[in-house]
Chemist: 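Before I ask anything, let me first share the structure, which is written out below as structure tokens.
Since we're looking at a predicted model, the values are computed, not measured. In what follows, chains carry the letters A, B, and so on, assigned in the order in which the sequence lines appear, proteins first and then strands, with residues in each chain numbered from 1.
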Amino acid sequence: MTLLAPSKPGQLPSPPRAARSGRHRLLPYLLLLPGAVWLLVFFGVPLLQLAAASLYDPSGSLSTGYAMTWAFGNYPDVVQAYWPQLLRSFGYAGLALVLALLLGYPLAYAIAQKAGRWKNLLLVCVVAPMFTSFLVRTLAWKTILSDNGALVGLLRDVHLLAPDGRLLATPFAVVLGLTYNFLPFLVLPLYASLERLDPRLLEAASDLYASGVQAFRRVTLPLSMPGLVAGTLLFFIPASGDYINAELLGTPNEYMIGNVIDSAFLVRLDYPQGAALSFLLMAAILAVVFGYLRRAGTEEVL
Amino acid sequence: MTPMARETPAGDLRLADLTKRFGIFTAVDDLSLTIGQGSFFALLGASGCGKTTTLRMIAGLEEPTSGQVLLGDTDIARLRPYKRPVNTVFQSYALFPHLTIFENVAFGLRRRGIRSVDDQVRRMLSLVQLDGFGPRRPAQLSGGQQQRVALARALINQPQVLLLDEPLGALDLKLRRQMQIELKRIQTEVGITFVHVTHDQEEAMTMADTVAVMNAGRIEQQGAPADLYEFPATAFVANFLGQSNLLAGEAAGTSGGEVAVTAHGARFSVPAGRSRADRGPVHLGVRPEKLHLVGSADQVPQGHQHVAGVVTDASYVGVSTQYLLRTGWGTELSVFAANDGAQVPVPVGSEAVTYWDPRHAFLLARDAADTDRTTPVLDEPVGASS
């Protein structure tokens with residue numbers, strides 16, 4: 001106890017070397033402890049439970065109970081049944097990512113390098129939508145894209161849309177919703193790394209015979225890689241698991257893997273199937289992420 | 001044929017009536033300047049005098065408000081920076097942190113579509129004495145090494161003009177001295193026109209063949225370092241390039257090759273060839289090391305002129321002792337006595353006489369309101385008044 005008691009500054013008795021280094025060695029673990037406990041209880045245990053559930057006997061039900069039969073066959077079964085949704089998830093998320101990059105990179109660059117005193121205001125504008133609920137925002141899109149809304153009316157009038165054409169309940173609407181909802185996750189990390197870009201490096205590139213395009217390719221882009229990688233991951237991972245956008249802006253034809261998992265757990269009450277799909281999604285995302293990181297070659301970045 | 005020997009079209013760098021305004025502030029004011037091909041030219045001035053803006057206009061990083069930048073006979077003032085045969089060594093070096101030293105140096109060649117760069121890069125790295133550093137990253141190098149990479153990265157393109165923006169500013173004194181000699185050696189070796197911007201007068205004088213002193217957007221004087229030092233054109237140059245004792249006086253015209261000057265009740269003379277003005281208000285200038293200190297007026301040699309006073313300070317700095325002598329009218333003159341073994345130290349508080357050879361004095365025109373000036377101009381932003 002005396003060892004831990006605060007002593008007056010300046011007359012700190014030097015504690016025995018062993019005790020001192022012992023405490024120093026323990027400190028990082030003590031700091032980790034709350035987070036580790038939290039992770040264990042609310043992530044580790046449920047994860048194990050989910051892993052177990054994915055191997056339950058598929059013929060069981062909530063009322064009859066599930067038997068643990070190590071039913072690895074659940075996995076091929078769900079792939080066979082739901083591979084279109086799985087593919088669609090990655091397809092929609094990938095498409096939305098491309099759109100978000102086209103919108104987000106110039107936006108992040110402009111805010112970071114060109115906005116001057118408007119920088120903070122613009123950043124608030126990027127984050128502002130997050131102040132309302134995800135659900136509310138998606139419902140707002142439902143109104144914007146609705147068949148008798150102004151947008152559809154306008155597009156029909158200029159013949160960009162057939163007279164009976166619609167936006168809502170199409171793949172287009174779902175991809176648009178995904179793009180919109182996850183855009184800030186891409187823009188913010190990109191902004192952070194573009195903000196650190198020293199404009200003098202671009203001057204140097206220009207001095208060394210690089211045209212604007214070359215300077216972007218050789219200097220701006222590589223130096224914004226950390227933000228780009230982090231942003232694309234933060235965008236792609238939640239977007240591919242999302243089910244709200246497909247639910248509200250699409251039809252069952254646009255359903256993604258998230259919708260299937262949602263219904264397996266909450267509608268069909270088929271726990272083994274839901275759990276197997278969840279694990280499958282997790283594995284697929286991990287595979288995509290690792291493949292991506294290996295290609296991007298930015299190990300030191302993360 | 002080695003790329004080093006590539007023939008560049010003959011061309012002096014000429015700035016013609018170059019002006020740059022930022023809003024109402026005129027950074028560079030109707031500047032005209034000719035920099036001979038192959039010369040080492042230093043643009044010297046305090047911060048804020050417009051020297052970096054001038055450099056950036058030559059590089060193309062700043063567009064002139066008016067005027068021309070001529071290289072040979074072509075006006076490059078409106079060309080994009082990457083279209084100019086001009087390269088820059090930046091004050092911050094601006095090395096690309098994501099590229100290796102090799103790729104940093106090869107950057108310019110690659111952008112111009114040159115495929116085999118290995119030989120040139122290796123030769124350039126050895127020119128700046130960084131053999132074997134190719135695979136490293138800029139962050140792994142010391143300041144002096146980074147500086148040399150910045151130099152190699154610019155030089156490898158064999159520009160017609162190399163611009164150096166305070167390239168040694170971030171180095172410590174010893175390294176700076178070393179790099180000054182190094183830069184001079186490299187310039188002689190490659191024969192490219194160097195335009196060097198600096199606020200360090202010693203650096204400018206060590207390296208350059210021609211020094212231009214800039215103040216408030218204009219060139220005050222331009223010439224060989226020794227000419228500028230020995231016979232400055234303005235009070236600013238006299239006290240920015242080293243230090244001068246400038247006494248306010250009135251000149252009364254030339255007679256017999258001498259200009260007669262009355263200052264603080266005493267009469268002096270200066271050879272007509274060392275006078276920038278021979279009538280009206282003038283500054284009589286003598287460099288501190290041209291002044292000698294003796295105990296009384298009868299020790300002053302024949303033909304020398306003198307001022308009496310009281311020694312108020314003596315600083316021993318090794319190679320010399322720097323005295324302050326307060327004159328009868330209150331101005332403190334600087335006297336540097338060389339530590340050559342022949343000097344007897346003069347104690348602080350004693351009366352003394354300082355004398356000089358009139359051939360070492362110089363005469364400058366003076367604003368009527370201007371008084372004695374004996375302190376060096378410090379590196380601070382200069383007002384547009386001077």
Chemist: For A/Phe172, look at atom CZ and say whether over 12 heavy atoms of other residues, nucleotides or ligands are found less than 6.0 Å away.
Modeler: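 Atom CZ in A/Phe172 is not packed in, count stays at 12 or less.
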Chemist: In terms of heavy-atom proximity below 4.5 Å to chain B, should A/Gln214 be classed as side chain, backbone, both, or neither?
Modeler: side chain
Chemist: Do B/Arg112 and A/Tyr209 meet the cation-pi criteria used here (NZ or CZ under 6.0 Å from the six-membered ring centre, within 45° of the axis)?
Modeler: yes
Chemist: Rounded at 0.5 Å granularity, tell me how far OG in A/Ser206 sits from CZ in B/Arg111.
Modeler: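 The distance works out to 12.5 Å.
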Chemist: State whether the number of non-hydrogen atoms from other residues, nucleotides or ligands found under 6.0 Å of B/Arg185 atom CZ is greater than 12.
Modeler: yes
Chemist: Decide yes or no on side-chain contact (heavy atoms from CB on, under 4.5 Å) for B/Arg56 and A/Glu203, but give the supporting numbers first.
Modeler: CA-CA 10 Å; B/Arg56 288 172 62 82; A/Glu203 286 191 344; 2.6 Å; yes
Chemist: Does any non-hydrogen side-chain atom of A/Leu208 lie less than 4.5 Å from one of B/Tyr82?
Modeler: no
Chemist: Is the CZ atom of B/Arg110 crowded by more than 12 outside heavy atoms at less than 6.0 Å?
Modeler: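 Yes - once you tally the heavy atoms of other residues, nucleotides and ligands closer than 6.0 Å, there are more than 12.
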Chemist: Is A/Ala205 in contact with chain B via its backbone, its side chain, both, or neither, using a 4.5 Å heavy-atom distance?
Modeler: both
Chemist: Taking atom CZ of B/Phe102 as the centre, report whether more than 12 heavy atoms of other residues, nucleotides or ligands fall under 6.0 Å from it.
Modeler: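 Above 12, so yes.
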Chemist: For chain A, which of B/Asn87, B/Val86, B/Thr88 has the most heavy-atom pairs under 4.5 Å?
Modeler: B/Asn87
Chemist: How long is the span from the CG atom in B/Leu163 to the CG atom in A/Asp207, to the nearest 0.5 Å?
Modeler: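 Atom-to-atom, B/Leu163:CG and A/Asp207:CG are 7.5 Å apart.
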Chemist: What is the distance from atom CG of B/Leu61 to atom CZ of A/Arg200, rounded to the nearest 0.5 Å?
Modeler: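 Spacing of CG (B/Leu61) from CZ (A/Arg200) equals 12.5 Å.
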Chemist: Does any backbone or side-chain atom of B/Arg84 lie under 4.5 Å from a heavy atom of chain A? Answer side chain, backbone, both or neither.
Modeler: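 Just its backbone gets close to chain A.
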Chemist: Does any heavy atom of chain A fall under 4.5 Å from the side chain of B/Ile156, the backbone, both, or neither of them?
Modeler: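 Neither part, no heavy atoms under 4.5 Å.
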Chemist: Identify the two heavy atoms, one from A/Ala210 and one from B/Phe107, that lie closest to each other, and give their separation to 0.1 Å.
Modeler: CB-CE2, 4.0 Å
Chemist: Do B/His98 side-chain atoms and A/Arg218 backbone N/O form a donor-acceptor pair below 3.5 Å?
Modeler: yes
